[in-house]
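The structure appears right after this line, and notes come after that.
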Amino acid sequence: MQNVVSPSINLSQISDIVKSQKEYFNTGKTLSISFRIKQLKKLHDAIILHENEIHEALYKDLKKSTPEAYITETGLVLKEIEEAIQKTKRWAKPRRVKTPLFFAPASSKIHPEPYGNVLIISPWNYPFQLLFSPLVGAIAAGNTILCKPSEHSIHTTAVSKKIIESIFDPQYITVVEGAVEESTALLKEKWDYIFFTGSTHVGRIVYQAAAKHLTPVTLELGGKSPCIVDKNINLENTARRIVWGKFLNLGQTCIAPDYLLVHKDIKNDLIQRIKEKINQFFGENPQESEDYGRIINQRNFDRLSHLIDENKVIFGGQTDRDDKYIAPTLLDGISLDDAIMQEEIFGPLLPIIEWENLDEVIQLINQREKPLALYMFSKNSSHNNRILKECPSGGACINDTVVHIGNPNLPFGGVGESGIGAYHSQASFDTFSHLKSVLHKSPAIDLEVRYAPWKKNFGKLKFLLKNML
Ligand code: NAD
């Protein structure tokens with residue numbers, strides 16, 4: 001039996017909740033910028049008030065240490081709220097664009113307007129961040145919101161619900177707990193926007209449900225993110241940065257380096273350095289390290305255990321099912337047909353594949369679905385440029401892993417099977433806003449040639465269209 005959240009509501013209540021949220025949106029309260037900023041401030045204060053409880057919940061769900069929980073969850077969300085409090089007024093202002101002379105006298109602006117009632121569905125791996133980060137954008141943009149957190153991160157889901165219920169009117173923002181049945185019922189409703197973070201498999205289900213109502217979506221999905229290492233690198237920093245990005249949250253990170261593609265000339269040196277770094281970070285026995293978390297549940301533990309081919313383990317490989325512990329594990333001699341290369345790993349297993357020329361690497365990556373992230377370690381700028389230009393991916397990072405997600409000025413999202421849309425900072429505000437294009441024409445002057453009968457003015461019209469549009 002998996003440990004999962006029990007539903008907080010009866011399925012028959014869902015339609016009433018959605019209806020009451022739509023009514024609330026229609027009151028126009030959320031259109032006020034000061035209202036939105038006030039809600040963001042309330043959220044900020046409530047997170048600070050419950051910070052210890054959130055960290056305790058993350059420890060119980062994933063054995064995340066407080067520093068890791070702060071760096072990757074609460075700290076990031078607080079920063080995002082602070083920025084939104086400061087900038088929502090600016091983001092919400094109509095954005096002036098040029099108007100061609102043909103339409104003069106007129107002005108043109110893009111008016112961000114809230115979509116309306118939005119649904120946010122989130123996963124268990126960063127259960128706090130991935131619920132609250134989109135929530136910040138949805139509040140700033142002026143929507144009413146229903147949140148459906150993951151049923152697997154039971155403690156974080158409970159404290160998230162408690163925080164939201166303590167500060168928001170449920171007609172405005174509410175939480176519905178539950179699993180597939182509840183999500184399915186929620187997806188039957190007509191939403192104005194759906195923001196989903198989770199697997200590609202469920203992403204497809206969400207997209208199909210949204211299509212029935214022509215509801216726009218953001219799909220933040222997963223996939224296998226490659227990490228390429230060239231021969232011309234800083235060995236120490238490369239090893240450190242790979243170990244950090246791979247074993248953070250035990251590899252249960254959507255943008256963790258999934259597999260390593262390393263140049264054959266430095267492969268042995270890099271592997272040696274990676275082993276040293278694992279020992280330095282987590283000690284001889286990572287099971288005893290306070291900085292090494294746990295797999296979310298036994299189902300995922302079993303899935304990952306099946307991906308460990310004992311004949312290919314060159315480091316780690318220890319497991320403890322009762323403790324949901326899997327050691328940082330390196331696997332060598334990997335072939336593309338191995339089970340570990342067929343699915344997103346989402347755990348602390350790092351398969352290593354060697355290469356000799358960059359063409360092979362590009363071909364290998366491009367034979368697969370477009371990844372969510374791509375990492376390239378090299379001092380050779382023409383190699384870096386080739387990888388960026390020839391390998392499509394949601395995002396990318398040169399000479400580091402994972403950190404691109406932390407720059408608020410870089411919209412975060414996937415492409416192809418790794419997702420649709422992007423968010424963070426202003427990109428979040430824009431994601432949750434319909435950008436309405438408005439041309440404001442003067443009631444006075446008019447261009448006669450635009451009106452029928454056209455024949456006698458056709459020459460003039462052609463000239464004006466060519467030169468004034
Ligand atoms: P998941 O797809 O199983 O679940 C995500 C959410 O969808 C949960 O709230 C769950 O209750 C709900 N859900 C599950 N089945 C459903 C169904 N049939 N219909 C409707 N809703 C359903 O994902 P997960 O296991 O929680 O998370 C892991 C996956 O999420 C990985 O693939 C990972 O790469 C991806 N992920 C992506 C990002 C990103 O930002 N791109 C971030 C974190 C995780």
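Keep in mind that the numbers below use all heavy atoms, side chains included, and drop hydrogens, waters and symmetry copies. Indexing begins at 1, ligand by ligand and atom by atom, following the structure's order.
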Practice task
Go through ligand 1 atom by atom and flag the ones less than 4.0 Å from a non-hydrogen atom of Leu221.
Solution key: 37 (C), 38 (C), 39 (C), 41 (N)

Problem - Protein contact of atom 22 (C) of ligand 1 - nearest heavy atom, named by residue and atom, plus distance - result: Val202 CG1, 3.4 Å

Handout entry: Sub-4.0 Å atoms of ligand 1 with respect to non-hydrogen atoms of Leu372
Key = 41 (N)

Fill in the blank from the handout: Phe346 heavy atoms within 4.0 Å reach ligand 1 at atoms 28 (C), 31 (C), 33 (C), 34 (O)

Handout entry: Heavy-atom check, side chain of Phe432 versus side chain of Pro134, under 4.5 Å
Key = yes

Handout entry: Within-cut-off N or O pair, Gly198 and ligand 1, under 3.5 Å
Key = yes

Handout entry: Heteroatom distance test (Glu344, ligand 1): nitrogen or oxygen, under 3.5 angstrom
Key = yes

Practice task
Determine, step by step, whether Asn10 and Ser12 satisfy the side chain to side chain donor-acceptor pair (under 3.5 Å) criterion, reporting the C-alpha distance in whole Å, the side-chain angles of both residues, the deciding distance to 0.1 Å, and the verdict.
Solution key: CA-CA 5 Å; Asn10 191 312; Ser12 60; 3.0 Å; yes

Problem - Side-chain touch Asp400/Tyr375, heavy atoms, less than 4.5 angstrom - result: no

Fill in the blank from the handout: The protein heavy atom nearest to atom 2 (O) of ligand 1 is Ser199 OG, 2.6 Å

Problem - Check: Leu364 and Leu336 side chains under 4.5 Å, non-hydrogen atoms - result: yes

Completion exercise
Note: ligand 1 atoms sitting under 4.0 Å from heavy atoms of Trp124 are 24 (P), 25 (O), 26 (O), 27 (O)

Practice task
Starting from atom 36 (N) of ligand 1, locate the nearest protein heavy atom and write down its residue, its atom name and how far away it is, to 0.1 Å.
Solution key: Cys254 CB, 3.6 Å

Handout entry: Check: Leu187 N/O within less than 3.5 Å of ligand 1 N/O
Key = no

Practice task
Could you tell me whether the side chains of Ser65 and Glu290 share a donor-acceptor contact shorter than 3.5 Å?
Solution key: no

Exercise for the section: Give the numbers and elements of all ligand 1 atoms closer than 4.0 Å to a heavy atom of Gly222. Expected result: 34 (O)

Problem - Side-chain donor-acceptor contact under 3.5 Å, Asp323 with Gln287 - result: yes

Fill in the blank from the handout: Counting heavy atoms under 4.0 Å, the part of Thr197 that contacts ligand 1 is both

Problem - Protein heavy atom at shortest distance from atom 27 (O) of ligand 1 - result: Pro123 CB, 3.4 Å

Handout entry: Greater than 12 external heavy atoms within 6.0 Å of Tyr59's OH
Key = no

Exercise for the section: Look only at interatomic distance and state if Lys148 has a nitrogen or oxygen under 3.5 Å from any nitrogen or oxygen of ligand 1. Expected result: yes

Handout entry: Check: Ser418 N/O within less than 3.5 Å of ligand 1 N/O
Key = no

Exercise for the section: Mind checking whether Asn125 contacts ligand 1 via backbone (N, CA, C, O), side chain (CB onward), both or neither, at a 4.0 Å heavy-atom cut-off? Expected result: side chain

Practice task
Taking the side chain as every heavy atom from C-beta outward, state whether Ser199 and Val202 have any atom pair closer than 4.5 Å.
Solution key: yes

Practice task
Using a strict cut-off of less than 4.0 Å between a Lys/Arg side-chain nitrogen and an Asp/Glu carboxylate oxygen, indicate whether Arg95 and Asp430 qualify as a salt bridge.
Solution key: yes

Exercise for the section: Flag the pair Ile308 / Val313 as yes when at least one side-chain heavy-atom distance between them is below 4.5 Å, and no otherwise. Expected result: yes

Problem - atom 40 (O) of ligand 1 [closest protein heavy-atom partner, distance rounded to 0.1 Å] - result: Phe412 CE2, 3.3 Å

Problem - Donor + acceptor pair across side chains of His155, Asp61 (<3.5 Å) - result: yes

Practice task
Please work out whether the ring planes of Phe247 and Phe282 are parallel, tilted or perpendicular, with thresholds of 30° and 60°.
Solution key: perpendicular

Handout entry: Close N or O approach (Thr200, ligand 1; < 3.5 Å)
Key = no

Exercise for the section: Report yes or no: does Ser122 have a heavy atom closer than 4.0 Å to ligand 1? Expected result: yes

Problem - Contact with ligand 1 for Tyr126, non-hydrogen, under 4.0 angstrom - result: no

Exercise for the section: Say whether Gly414 and ligand 1 are in contact under the criterion: heavy-atom distance to a ligand atom below 4.0 Å. Expected result: no

Exercise for the section: Take Phe35 and Tyr172 through the side chain to side chain contact (heavy atoms under 4.5 Å, CB included) test and state the conclusion after the steps. Expected result: CA-CA 12 Å; Phe35 171 87; Tyr172 170 45; 3.7 Å; yes

Handout entry: For Leu130, atoms of ligand 1 separated by under 4.0 Å from a heavy atom
Key = 42 (C), 43 (C)

Problem - Nearest neighbour in protein (non-hydrogen) for atom 11 (O) of ligand 1 - result: Glu151 OE1, 2.6 Å

Practice task
Using protein heavy atoms only, decide if any is under 4.0 Å from atom 4 (O) of ligand 1.
Solution key: no

Exercise for the section: Assess whether side chain to side chain contact (heavy atoms under 4.5 Å, CB included) is satisfied between Phe132 and Ile164, documenting all intermediate values. Expected result: CA-CA 10 Å; Phe132 283 86; Ile164 289 173; 4.0 Å; yes

Handout entry: Protein contact of atom 7 (O) of ligand 1 - nearest heavy atom, named by residue and atom, plus distance
Key = Phe196 CE1, 3.3 Å

Handout entry: side chain to side chain donor-acceptor pair (under 3.5 Å) evaluation trace for Thr72 with Gln129
Key = CA-CA 7 Å; Thr72 64; Gln129 190 222 127; 5.8 Å; no

Completion exercise
The protein heavy atom nearest to atom 20 (C) of ligand 1 is Ser183 CB, 3.2 Å

